[in-house]
Amino acid sequence: MKPRAFNYVRVGSLDQAFEAYASVRGAGCYLAGGQSLVPALSLRFQSPELLIDISNIAALRGISLDGDFLRIGALVRHAEILRSHDIATHAPLLSLAAPYVAHPAIRNCGTIGGSIALADPAAEFPAMALALDAEFELANASGLRRVRADGFFRGLYETALQPGEILTAILIPSFGINERCAFDELSRRRGDYALVGAGVQATVSRDRVDEIRIAFLSVGATPIRARCAEAAVKGRVISAGSIAAAQAALDQDLDPDEDRETSPAMRIHLARVLLGRLLGRIGDPHGPSGRGGA
Ligand SMILES: Cc1cc2nc3c(=O)[nH]c(=O)nc-3n(C[C@H](O)[C@H](O)[C@H](O)COP(=O)(O)OP(=O)(O)OC[C@H]3O[C@@H](n4cnc5c(N)ncnc54)[C@H](O)[C@@H]3O)c2cc1C
């Protein structure tokens with residue numbers, strides 16, 4: 001199929017982007033890496049009057065330390081995340097998840113901002129943003145606001161972004177000395193969207209879990225935090241017992257729908273298996289994502 005006819009403009013600043021959006025009274029659509037939008041146009045899932053290409057806005061690029069936060073520009077591509085030393089140091093959970101995002105050709109074009117704005121429940125970065133307690137910086141013609149990942153994902157492909165707003169940056173609290181993280185996913189073939197995926201970020205001192213955030217992808221309409229599983233391990237040493245308690249608690253956290261790929265019961269089973277593996281890695285201070293610590 002071919003897209004419906006549309007006009008195209010490439011803008012060089014946020015102000016130009018907002019002006020272009022206003023010029024078509026909201027019938028515009030922002031284009032970043034195009035890896036999800038272009039197929040959606042071709043399938044006529046979306047038919048904007050004007051495509052506003054924001055990929056040339058320099059202010060949306062770059063990775064930098066901003067106080068205790070790592071600031072990742074919305075236009076940072078998946079492949080840059082995979083290679084970035086700053087991300088490996090300050091937000092290693094993203095480095096662990098990046099190889100699982102699609103294939104190299106898509107990672108060379110797709111952007112983290114596009115992935116989060118789209119909010120595909122099967123995408124890796126939206127769920128990892130939840131696990132990392134990230135904040136999103138959103139801009140419109142009137143100014144900037146920040147929304148925490150916990151309140152950003154509202155429903156299937158539905159977010160806190162208002163019409164015409166642009167996600168400008170992702171802000172992640174910098175990885176601390178006692179923090180550990182782990183990511184894994186299960187898919188039929190490498191590069192496919194995951195049947196189930198999860199990321200864990202935890203603060204561990206003297207082998208005890210002080211803080212923990214667990215986020216799943218591909219188990220519902222949005223990325224999902226497993227708060228009951230978190231509560232089951234918080235304050236405890238990672239052991240066979242605490243892992244089993246967290247796995248059991250997933251029944252309260254997850255309620256996946258039936259779909260063509262797999263049954264809800266199978267998805268919960270896979271989520272339990274994945275959580276067991278991830279907590280095992282969190283319990284190992286010398287694992288690839290641990291920093292030792294107290
Ligand atoms: C074959 C295939 C396999 C894939 N597999 C995976 C996978 O395994 N895991 C995964 O996570 N993703 C996967 N993707 C999706 C890919 O990661 C996309 O790159 C990503 O979802 C969207 O990023 P983009 O920069 O290409 O955004 P675009 O396609 O340009 O835009 C996507 C949407 O976000 C909006 N948007 C983009 N940027 C902004 C912004 N800064 N502010 C506001 N709105 C914005 C656009 O208007 C559009 O609605 C796959 C894609 C393909 C084609």
Side-chain angles (χ1 to χ4, degrees), residues 3 6 8-11 13-14 17-18 20-21 24 26-43 45-62 72-82 94 97-130 136-140 144-145 147 152-153 156-170 183 185-197 199 215 217-218 222-223:
F6 55 81
Y8 168 92
V9 61
R10 189 174 220 201
V11 295
S13 71
L14 284 171
F18 301 137
Y21 190 86
V24 287
C29 188
Y30 298 125
L31 173 72
Q35 297 306 293
S36 296
L37 183 55
V38 170
L41 294 177
S42 296
L43 292 165
F45 292 153
Q46 277 173 276
S47 301
E49 199 176 299
L50 178 63
L51 209 54
I52 305 161
D53 185 345
I54 59 172
S55 66
N56 217 23
I57 302 180
L60 302 185
R61 297 213 184 95
I72 306 175
L75 285 179
V76 169
R77 298 181 192 283
H78 308 329
E80 291 177 70
I81 290 183
L82 195 53
L94 289 183
Y100 294 87
V101 179
H103 306 278
I106 291 157
R107 293 199 292 265
N108 286 337
C109 299
T111 66
I112 187 167
S115 175
I116 285 168
L118 183 68
D120 185 329
E124 285 78 6
F125 291 146
M128 294 314 101
L130 259 190
F136 303 132
E137 187 183 83
L138 313 180
N140 66 13
L144 291 175
R145 66 185 178 116
V147 177
F152 183 78
F153 302 105
L156 188 61
Y157 298 106
E158 201 189 318
T159 70
L161 274 166
Q162 294 295 312
E165 247 181 341
I166 292 181
L167 170 64
T168 50
I170 295 95
F183 173 86
E185 69 178 41
L186 300 166
S187 58
R188 291 195 197 281
R189 294 173 309 184
R190 189 69 193 251
D192 281 3
Y193 280 103
L195 288 170
V196 176
L217 52 119
S218 280
T222 62

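Computed from a predicted structure; not experimentally measured. Counting starts at 1 for both ligands and their atoms, in listed order.
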Identify, for [atom], the protein heavy atom at the shortest distance, and state residue, atom and that distance.
{"atom": "atom 49 (O) of ligand 1", "answer": "Q46 NE2, 4.0 Å"}
{"atom": "atom 52 (C) of ligand 1", "answer": "I106 CD1, 3.5 Å"}
{"atom": "atom 13 (C) of ligand 1", "answer": "Y193 OH, 3.0 Å"}
{"atom": "atom 26 (O) of ligand 1", "answer": "Q35 N, 2.8 Å"}
{"atom": "atom 31 (O) of ligand 1", "answer": "L37 CB, 3.9 Å"}
{"atom": "atom 47 (O) of ligand 1", "answer": "Y30 O, 2.5 Å"}
{"atom": "atom 9 (N) of ligand 1", "answer": "E124 OE1, 2.7 Å"}
{"atom": "atom 28 (P) of ligand 1", "answer": "G34 N, 3.5 Å"}

Close approach of [X] to ligand 1, heavy atoms, under 4.0 angstrom:
{"X": "H78", "answer": "yes"}
{"X": "P39", "answer": "no"}
{"X": "D120", "answer": "no"}

*Report the member of I112, L31, L167 with the shortest heavy-atom distance to atom 43 (C) of ligand 1.*
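It is L167 that holds the nearest heavy atom.
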
*Which is closest to atom 39 (C) of ligand 1 by heavy-atom distance: A98, G73, A117, A169?*
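Among A98, G73, A117, A169, the closest heavy atom to atom 39 (C) of ligand 1 belongs to A117.
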
Which ligand 1 atoms, with their elements, are less than 4.0 angstrom from a heavy-atom of [X]?
{"X": "Y100", "answer": "8 (O)"}
{"X": "S36", "answer": "15 (C), 18 (C), 20 (C), 21 (O), 22 (C), 26 (O), 29 (O)"}
{"X": "I166", "answer": "41 (N), 42 (N), 43 (C)"}
{"X": "T111", "answer": "23 (O), 24 (P), 25 (O)"}
{"X": "G110", "answer": "19 (O), 25 (O), 26 (O)"}
{"X": "C29", "answer": "47 (O)"}

*asked:* Under 4.0 Å, heavy-atom basis, I'd like to know which part of I54 is in contact with ligand 1: side chain, backbone, both or neither.
replied: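 Side chain only.
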
Is the closest side-chain heavy-atom distance between [X] and [Y] below 4.5 Å?
{"X": "I170", "Y": "F125", "result": "no"}
{"X": "L130", "Y": "T222", "result": "no"}
{"X": "I81", "Y": "V76", "result": "yes"}
{"X": "N56", "Y": "V11", "result": "no"}
{"X": "N140", "Y": "Q162", "result": "no"}
{"X": "Y157", "Y": "P121", "result": "yes"}
{"X": "P163", "Y": "Y21", "result": "yes"}
{"X": "L41", "Y": "P48", "result": "yes"}

Side chain of [X], backbone of [Y]: donor and acceptor closer than 3.5 Å?
{"X": "T168", "Y": "E137", "value": "yes"}
{"X": "R107", "Y": "Y100", "value": "no"}
{"X": "Y30", "Y": "G164", "value": "yes"}

For ligand 1, find out whether one of its N or O atoms is nearer than 3.5 Å to an N or O atom of [X].
{"X": "V38", "result": "no"}
{"X": "E165", "result": "no"}
{"X": "G33", "result": "yes"}

*asked:* As an exercise, state the distance from CG of D53 to SG of C29, rounded to the nearest 0.5 Å.
replied: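 Here the rounded value is 11.0 Å.
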
*So R145 and E165, side chain to side chain contact (heavy atoms under 4.5 Å, CB included) or not? Walk me through it.*
CA-CA 10 Å; R145 66 185 178 116; E165 247 181 341; 2.7 Å; yes

*Derivation and outcome, side chain to side chain contact (heavy atoms under 4.5 Å, CB included), residues L31 and Y8*: CA-CA 10 Å; L31 173 72; Y8 168 92; 4.2 Å; yes

